[in-house]
Chemist: 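Input: one structure, supplied below.
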Amino acid sequence: MRPELTRRTVLGMIAGSAAATVTGVSGGTAHAAVPASPGVTYTNTIAEQRADPHIFKHTDGFYYFTATVPAYDRIVLRRATTIQGLTSAAETTIWTKHATGEMGAHIWAPEIHFIDGKWYIYFAAGAANDIWRIRPYVLECTAANPITGPWTEKGRIALPLDTFSLDATTFAVNGTRYLSWAQNDPAVGRGTNIYIARMSSPWTITGTPVMISRPTASWETAGGETVNEGPAVIQRGGKVFMTFSASATDANYCMGLLTASASADLLSASSWAKTGNPVFASNVATSQYGPGHNQFTVSEDGKSDILVYHDRSYRDISGAPLNDPNRRTRVQKIYWKADGTPDFGIPVADGLTPIRLSSYNFPDRFIRHWEYRARIEPNVSPLADSQFRVVTGLAGSGTVSLESANFPGYFLRHKNYEVWVEKNDGTSLFAGDASFTARAGLSDSAGVSYESYNLPGRYIRHYDYLLRVQALSTATDRADATFYTQ
């Protein structure tokens with residue numbers, strides 16, 4: 001660990017922090033506004049046996065959800081006013097594969113978009129007599145409600161190269177609409193690459209497509225497959241971030257990232273930079289395998305970006321991965337690094353998604369564990385060291401416990417008045433030490449303070465950046481014991 005100044009030396013320095021907006025001084029301590037992106041949680045899984053998910057938040061107040069079904073024979077839609085509500089929402093089949101000819105097999109990866117006042121679904125399909133002749137197609141609906149309205153076929157998206165092609169997605173940057181997709185080019189080699197082209201209509205590209213990514217790294221070619229597919233775009237801070245999925249559709253499946261400036265020529269391959277390693281991959285500790293084929297949506301309050309993806313809860317698959325029906329739809333919050341790039345963290349465990357806790361008076365610092373000691377620190381890497389699930393307290397009685405996201409079964413607990421992350425040993429002592437009463441923030445009621453269950457009157461607070469449980473008497477003490485959920 002790097003040496004650090006003591007908190008007393010740097011107490012006044014936070015006023016110059018670029019990480020947060022300072023709004024006032026209390027007891028000599030500068031502090032930040034309530035975070036622009038407050039904590040938001042969901043309970044996974046959102047939908048069982050639904051792969052390649054796409055969730056779109058519309059201006060009518062509904063989320064619209066579509067995904068690949070295991071039979072690969074139809075396109076389904078659900079809607080709800082919350083992301084969690086999609087789990088129990090009724091599902092409607094809005095289109096079924098053809099009995100003969102094109103669009104007759106392998107109905108894959110539908111996406112729903114709203115463009116110029118109309119609904120569009122992009123999907124891939126094979127032919128009834130040639131199931132691997134996969135190509136991209138488009139449906140259109142002019143009704144306000146795409147679940148009850150009629151859909152018409154706009155046909156196949158005509159690509160200059162008539163080869164295996166799938167996973168079309170559309171997005172607009174600075175008023176120009178683009179299509180991106182995955183395709184095989186025999187001249188390049190086996191597998192699929194990522195391409196981009198401008199669009200002249202929601203079902204027509206114009207100009208010459210450009211290949212912006214091909215699978216060359218070991219993490220893009222694992223499991224005997226050479227794959228870049230499933231592009232998805234999110235924009236922030238003048239940057240265009242395109243995620244994609246790589247490798248075989250088993251536990252090797254993972255997400256990569258391409259980045260371009262929004263002001264660059266997106267049709268130039270040199271405008272796109274590929275991150276050298278996967279940004280989202282299988283995690284043994286959380287029992288999540290093969291995460292990928294993602295999309296993006298936003299939280300109900302519009303303040304948090306949400307990653308939508310599929311994975312499996314087990315590593316070993318019997319038979320071909322595409323014949324295994326148990327990829328399921330999941331969501332979790334995306335965080336943004338100080339340099340403006342997305343941090344996806346790890347695919348979190350099933351159940352409640354975790355949150356982060358930022359310091360009230362050191363707003364660029366988050367509670368994290370480091371060699372099992374709890375502390376506050378900026379620029380936490382890996383992200384999951386600063387993520388905790390707020391679960392029912394191990395001691396009950398209206399308390400909560402804070403479970404580590406990347407060490408499931410490990411909890412924040414106090415020991416000799418210090419706070420550590422340790423594995424639950426099942427004893428009543430541990431349960432008491434790891435249980436806290438969540439109070440309104442002692443320095444700001446919009447925040448939260450955690451009072452020890454078995455040492456009442458003592459709160460989790462930071463001192464010299466380390467977490468302790470202590471009695472509080474001054475305004476600085478109370479500020480040190482106040483955190484914001486993010």
Side-chain angles (χ1 to χ4, degrees), residues 4-41 301 303-304 333 335-338 354-370 373-380 383 385-390 399-402 405 412 414 417-421 436-453 455-486:
E4 299 195 61
L5 299 172
T6 68
R7 66 178 300 280
R8 301 304 171 192
T9 303
V10 301
L11 195 57
M13 295 171 59
I14 192 62
S17 171
T21 302
V22 175
T23 59
V25 175
S26 173
T29 302
H31 64 87
V34 175
S37 178
V40 58
T41 58
D301 62 7
K303 296 179 179 180
S304 294
K333 181 172 176 172
Y335 292 90
W336 294 90
K337 299 177 184 178
I355 49 89
R356 304 177 80 198
L357 291 161
S358 61
S359 168
Y360 165 81
N361 51 357
F362 289 83
D364 64 339
R365 290 179 176 259
F366 291 81
I367 292 179
R368 64 90 51 93
H369 58 83
W370 176 263
R373 185 70 166 92
R375 56 189 292 130
I376 59 169
E377 196 169 88
N379 304 315
V380 178
L383 172 72
D385 281 0
S386 63
Q387 289 181 290
F388 298 89
R389 293 181 6 156
V390 182
T399 63
V400 298
S401 293
L402 298 168
L412 286 179
H414 64 80
Y417 306 117
E418 298 175 342
V419 180
W420 294 74
V421 172
F436 303 89
T437 302
R439 307 288 191 195
L442 298 177
S443 285
D444 184 351
S445 61
V448 61
S449 296
Y450 292 103
E451 182 181 11
S452 170
Y453 165 75
L455 294 176
R458 289 179 176 264
Y459 287 78
I460 293 178
R461 62 87 57 93
H462 63 82
Y463 192 96
D464 288 342
Y465 305 125
L466 297 174
L467 292 193
R468 312 170 189 273
V469 289
Q470 292 183 347
L472 311 175
S473 58
T474 69
T476 296
D477 293 345
R478 291 188 288 275
D480 290 351
T482 301
F483 303 91
Y484 289 122
T485 299
Q486 293 197 40

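FYI, side chains are in, hydrogens and waters are out, and symmetry mates aren't considered; it's all heavy atoms of this structure.
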Chemist: If we only count heavy atoms from C-beta on, is the R375 to R368 side-chain gap below 4.5 Å?
Modeler: yes
Chemist: I need the L467 CG to H414 NE2 distance, nearest 0.5 Å.
Modeler: 13.0 Å
Chemist: Within the structure provided, determine whether R458 and Y417 are in side-chain contact (heavy-atom separation under 4.5 Å).
Modeler: yes
Chemist: Using ring-ring contact (aromatic ring centres under 6.0 Å, His included) as the criterion, list what pairs up with H369, not counting sequence neighbours.
Modeler: F407
Chemist: Is the shortest heavy-atom distance from the side chain of T482 to the side chain of V448 under 4.5 Å?
Modeler: no
Chemist: Measuring from atom OG of S449 to atom CG of D480, what distance do you get when rounded to the nearest 0.5 angstrom?
Modeler: 10.5 Å
Chemist: Checking side-chain polar atoms at under 3.5 Å, does R365 have a donor or acceptor matched by the opposite partner on S359?
Modeler: no
Chemist: Quick check: do S358 and P363 have side-chain heavy atoms less than 4.5 Å from each other?
Modeler: no
Chemist: If you take all heavy atoms of R478 and S473, which pair is closest and at what distance?
Modeler: NH1-O, 3.5 Å
Chemist: Do you know the tightest heavy-atom contact between F366 and S386?
Modeler: CB-CB, 4.2 Å
Chemist: To the nearest 0.5 Å, what is the distance between CZ on F483 and CG on D444?
Modeler: 13.5 Å
Chemist: Cation-pi check, R468 to Y463: give yes when NZ or CZ is under 6.0 Å from the six-membered ring centre and within 45° of the ring axis, no otherwise.
Modeler: no
Chemist: Measuring only between side-chain heavy atoms, which start at C-beta, is D385 closer than 4.5 Å to E377?
Modeler: no
Chemist: Between D464 (side chain only) and L466 (backbone N and O only), is there a donor and an acceptor less than 3.5 Å apart?
Modeler: no
Chemist: Taking all heavy atoms of A475 and all of S443, pick out the closest pair and write down the distance.
Modeler: O-OG, 4.2 Å
Chemist: Nearest 0.5 Å, please: how far is NZ in K333 from CD in Q486?
Modeler: 6.0 Å
Chemist: Quick check: do L412 and Y450 have side-chain heavy atoms less than 4.5 Å from each other?
Modeler: no
Chemist: If you take all heavy atoms of S452 and F436, which pair is closest and at what distance?
Modeler: CA-CD2, 3.7 Å
Chemist: Measure from NZ or CZ of R439 to the centre of the six-membered ring of Y459 and say whether it is under 6.0 Å with the direction within 45° of the ring axis.
Modeler: no
Chemist: Hey, does K303 have a side-chain heavy atom less than 4.5 Å from the side chain of V40?
Modeler: no
Chemist: Which value, rounded to the nearest 0.5 Å, describes the distance between R461 atom CZ and Y360 atom OH?
Modeler: 14.0 Å
Chemist: On a heavy-atom basis, which atom in L442 and which in A481 lie closest, and how many Å separate them?
Modeler: CD1-CB, 4.4 Å
Chemist: Can you give me the closest heavy-atom contact between P38 and P35, atom names plus distance?
Modeler: CD-O, 3.7 Å
Chemist: Please check if atom OH in Y453 has more than 12 non-hydrogen atoms from other residues, nucleotides or ligands closer than 6.0 Å.
Modeler: no
Chemist: How far does CZ of F388 sit from CD1 of I367, to the nearest 0.5 angstrom?
Modeler: 6.5 Å
